[in-house]
Amino acid sequence: MIQTLLPTKIVKSKNLVNAKALKQKKPLQVVLRNDDAWRSQNAVFTGKGYVILDFGKEMNGGVRIITGGFAGQMREQKDAPNVRIRFGESLSETCAEFGEDGLTLDHGSRDITLILPAYANVTAGNTGFRFVRIDYLTDDIPVIQNVFCENNILNKKAVYTYNGNDKLVKKIFSVAKRTVDLCSAGDYVWDGIKRDRLVWIGDMHPEMSSLVTLYGRVKNVENSLDFVREQTPINLWMNGISSYSMWWMITVCDYYFETGEKAFAERQLDYFNGLIKRFDECVDQDGNMQYGWLFVDWPSCDSGDESAGVRAINVIALKKAIQLFDEFSLDTSLAKKVLDKLNKQPIKVNKMKQIIFLIKRILCDDLVDLAVIDGKPLLRAPVA
């Protein structure tokens with residue numbers, strides 16, 4: 001769904017008369033007037049200047065600029081950009097130049113120059129932002145009728161909402177829901193709406209869980225899981241990371257058991273078989289893993305706990321696969337064989353809390369024989 005929204009605040013402006021008019025809603029259409037009375041109802045640049053707009057919260061999209069005529073004669077610069085538009089999640093980002101403080105232009109246009117003619121209805125930008133800075137680069141005197149944000153956000157009826165009395169929890173719930181709604185506005189579930197407008201499968205499980213809790217079945221989740229499978233031949237790892245193929249298995253299984261979407265699960269089964277065969281090739285008889293780069297998340301890189309984390313994820317993925325195969329009366333012997341090999345070695349964690357959490361999840365599900373945290377056995381559980 002596209003929302004057309006006015007700015008909530010004019011943060012700052014230079015050489016812009018009547019900037020407050022940009023907060024007043026007017027028709028989403030160019031008005032063919034250029035008299036003094038009409039200009040007085042709109043914002044007018046008096047030459048080179050700028051305006052910084054605040055739309056109040058995070059948005060996903062761009063801005064739609066509607067102009068009137070020019071007060072006075074427009075200079076003959078039809079081929080030269082006369083407007084620069086910068087988007088930012090913060091004020092400092094909105095005013096920054098490329099390269100300052102590590103600022104990049106990855107994945108979405110946030111710094112754009114363009115020709116903004118008289119009587120224009122122009123849409124620019126497709127990124128994540130709250131603030132927009134518009135610099136007028138020439139000495140012409142244009143009338144700016146409105147600058148709307150065009151926000152793209154998921155529009156789906158919720159099956160769950162938080163109705164408790166805790167104000168902080170209510171605020172957290174609202175922000176979290178808006179975040180996942182913004183990331184799920186298109187055909188796929190993105191990792192982020194500014195940088196990484198991509199389907200990172202290793203980050204998708206919490207998004208899937210959130211969306212299923214909020215809405216039940218969500219086609220964008222199915223599209224994303226299908227997309228990554230279709231784009232990853234079985235001899236490669238999803239997104240180039242072995243643990244991400246494991247997370248794909250976990251996410252598929254949990255989505256199926258939450259929604260009961262049998263047709264969706266059935267079309268994943270052949271790929272499941274292929275992955276389990278690859279796991280078998282990568283885990284030797286003593287339980288040693290040969291997965292190449294062992295990645296859990298960035299904070300745990302070079303911590304010494306990466307191997308424990310990937311082993312834990314691998315165990316969870318195989319257990320989930322066995323549960324799914326049981327649902328469809330399929331052979332689980334190979335998955336159990338790989339699981340037995342993995343359980344020949346304890347999962348030893350030094351310090352990383354996220355990997356300790358993974359181990360506790362395994363133990364709660366009775367999936368592993370022995371886990372060790374900071375040199376101490378945690379507990380024993382029967383091997384699946």
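Values below: every heavy atom of this structure, side chains too, minus hydrogens, waters and symmetry copies. Residues take their numbers from the sequence shown, with the count starting at 1. A quick note: this is a predicted structure, and the numbers were derived from the prediction, not measured.
Taking the side-chain hydrogen bond (donor to acceptor under 3.5 Å, both in side chains) definition, one finds that N288 meets it with D284, Q345, sequence neighbours left out.
Note: I115 CD1 to T138 OG1 = 11.0 Å, rounded to the nearest 0.5 Å.
Between Y244 and N239, some side-chain heavy-atom pair lies under the 4.5 Å cut-off. With contacts defined as side-chain heavy-atom distances shorter than 4.5 Å, the pair V63/E150 does not qualify.
Y160 and V180 end up in the same hydrophobic cluster when Ile, Leu, Val, Met, Phe, Trp and Tyr side chains are linked at under 4.5 Å.
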From CA spacing to verdict: side-chain hydrogen bond (donor to acceptor under 3.5 Å, both in side chains), N18, R39: CA-CA 9 Å; N18 199 22; R39 287 197 295 272; over 6 Å; no

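Looking only at atom types and distance, the side chain of D305 has a donor-acceptor partner in the side chain of N350 under 3.5 Å away. A side-chain N or O of Y291 and one of N314 form a donor-acceptor pair less than 3.5 Å apart. Side-chain N/O atoms of D196 and W200 include a donor and acceptor closer than 3.5 Å. Side-chain atoms of D226 and Q268 include a donor-acceptor pair closer than 3.5 Å.
Using a 4.0 Å cut-off between charged nitrogen and carboxylate oxygen, D286 and K344 do not count as a salt-bridge pair. With respect to D181 and K177, a salt bridge is recorded, a charged nitrogen being found less than 4.0 Å from a carboxylate O. Ion pairing of E93 with K194 is present here, as a side-chain N (NZ or NE/NH1/NH2) and a carboxylate O approach within less than 4.0 Å. Look at D340 and K337 and you find no salt bridge, because none of the NZ, NE, NH1 or NH2 atoms lies under 4.0 Å from a carboxylate O. Look at K219 and E222 and you find a salt bridge, because one of the NZ, NE, NH1 or NH2 atoms lies within 4.0 Å of a carboxylate O, short of that distance.
Ring pair Y255/F264: centre-to-centre distance below 6.0 Å.
Of the possible donor and acceptor atoms, none in the side chain of T232 sits under 3.5 Å from a partner among the backbone N and O of R229.
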Using a 3.5 Å cut-off and no angle test, enumerate the donor-acceptor pairs between side-chain atoms of residues 127-135 and protein atoms at least two apart in sequence or in another chain.
from	atom 1	to	atom 2	distance (Å)
R130	NE	D54	OD1	2.8
R130	NH2	D54	OD2	3.0
R133	NE	D135	OD1	2.8
R133	NE	D135	OD2	3.3
R133	NH2	D135	OD2	3.0
D135	OD1	R86	NH2	3.2

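A ring-ring contact (aromatic ring centres under 6.0 Å, His included) with F272 is found for one member of W248, F328, F279, Y256 and no other, namely W248.
Taking Ile, Leu, Val, Met, Phe, Trp and Tyr as hydrophobic and joining them when side-chain heavy atoms fall under 4.5 Å apart, one finds L32 in a cluster with L6, L28, V30, I66, Y119, F148.
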